[in-house]
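Below is one structure, written out as structure tokens, with a few remarks after it.
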Amino acid sequence: MHLRKLVGIAGITALVAGSLSGTAFGHGDKERFEESQYRHDLMEHANYAISNIVQLIKGKASHDGHLEKLADIMALSASMTKDAFEKDTRGMEGHTSAKDAVWENWEDFAERADKYTADTAAFAEAAKSGDQEATMAAFKKAASNCKSCHDKYQD
Ligand code: HEC
């Protein structure tokens, strides 16, 4: 797929900017406990994938076939999200940016993780179809999961 031809990218950067601002060590010097580190690193796969996707969309990089693979990375990391958060780590010593609300509202969180998994899988499918409009629409939908979940569940 030739990404330079993709249209309708306005707003994508704004859409994901909130997610992209998270950094591994941006929360003081308190170390993460193991589960927290794992969850964080899992999220970073999707974060870095989006970062590369945006470069491709904007034409700052051009690599045939990469969009499809990056979409797969997003979909795969999304598919591991629910499991990675399943263990209730409220009250554990060390840093996390996960709110207690994750486990207070586990059913809602789990549903969101399922939706995130489904939407990123749809994006991965669309990217392989070569249909640019469908790909962009599916990307926006997949990326919208990040902010809506973070607004409620991430500090
Ligand atoms: C179902 C909810 C949910 C979805 C969907 C989700 N996240 Fe997260 N994300 C979280 C939670 C909760 C944390 C905090 C994890 C922790 O610190 O233990 C987090 C943490 C992160 C972090 C680490 C930030 C930091 O400083 O700790 C990044 C980066 C991130 N997410 C990116 C993304 C991106 C990009 C997407 C979408 C492609 C996404 N997330 C989708 C819930 C979600």
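Numbers for residues simply follow the sequence, beginning at 1. Indexing begins at 1, ligand by ligand and atom by atom, following the structure's order.
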| field | Numbered atoms of ligand 1 (with element) below 4.0 Å of M74, judged on heavy atoms | value | 38 (C)

| Taking N or O atoms only and a 3.5 Å limit, does R112 qualify as a polar contact for ligand 1? | no

| Just distances here: any N/O of R32 and N/O of ligand 1 closer than 3.5 Å? | yes

| Would you say C149 has an N, O or S atom lying under 2.8 Å from atom 8 (Fe) of ligand 1? | no

| Of the choices S77, S36, C146, which has the non-hydrogen atom that lies closest to atom 41 (C) of ligand 1? | C146

| query | At a 4.0 Å threshold, what atoms of ligand 1 neighbour a non-hydrogen atom of Y153? | reply | 12 (C)

| message | Under a 4.0 angstrom heavy-atom cut-off, which atoms of ligand 1 come close to F109? | response | 1 (C), 2 (C)

| task | Report yes if some N/O of E44 lies less than 3.5 Å from some N/O of ligand 1; otherwise report no. | result | no

| In chain order, what residues pass the salt bridge (charged side-chain N to carboxylate O under 4.0 Å, His left out) check against D151, with sequence neighbours excluded? | K147

| Quick check: does Y116 get an N/O under 3.5 Å from an N/O on ligand 1? | no

| field | Closest non-hydrogen atom pair between A124 and A71, with its separation | value | CA-CB, 3.8 Å

Hey, can you pull the donor-acceptor pairs under 3.5 Å for the side chains in residues 109-118, sequence neighbours left out?
unit_1 : atom_1 : unit_2 : atom_2 : d
R112   : NE     : D108   : OD2    : 2.9
R112   : NH1    : S148   : O      : 3.2
D114   : OD1    : K82    : NZ     : 3.0
D114   : OD2    : K82    : NZ     : 3.3
K115   : NZ     : D119   : OD2    : 2.7
K115   : NZ     : N145   : OD1    : 3.4
T117   : OG1    : A78    : O      : 3.2
T117   : OG1    : A113   : O      : 2.8

| said: Show me which atoms of ligand 1 lie under 4.0 Å from any heavy atom of A98. | reply: 14 (C), 16 (C), 17 (O), 18 (O)

| query | Nearest heavy-atom pair of M74 and A142: which atoms, and what distance? | reply | CE-CB, 4.4 Å

| note | Tightest non-hydrogen contact, residues I73 and H45, listed as CG2-O, 3.9 Å

| request: Could you tell me whether D155 approaches ligand 1 through its side chain, its backbone, both or neither, with non-hydrogen atoms closer than 4.0 Å? | output: neither

| task | Check H40 against ligand 1 and report side chain, backbone, both or neither, counting heavy atoms closer than 4.0 Å. | result | side chain

| request: State whether the side chain of W103 and the backbone N or O of F85 hold a donor-acceptor pair below 3.5 Å, judged by distance alone. | output: yes

| Quick check: does M43 put an N/O/S atom under 2.8 Å from atom 8 (Fe) of ligand 1? | yes

| task | Please name the pair of heavy atoms, one in I50 and one in A143, separated by the smallest distance, quoted to 0.1 Å. | result | CD1-CB, 4.4 Å

| said: Quick check: closest heavy atoms across E93 and K30, and the distance to 0.1 Å? | reply: OE2-NZ, 3.9 Å

| At a non-hydrogen distance cut-off of under 4.0 Å, which region of K99 contacts ligand 1 (side chain, backbone, both, or neither)? | neither

| Non-hydrogen atoms of L70 and A49 that approach each other most closely | O-CB, 3.8 Å

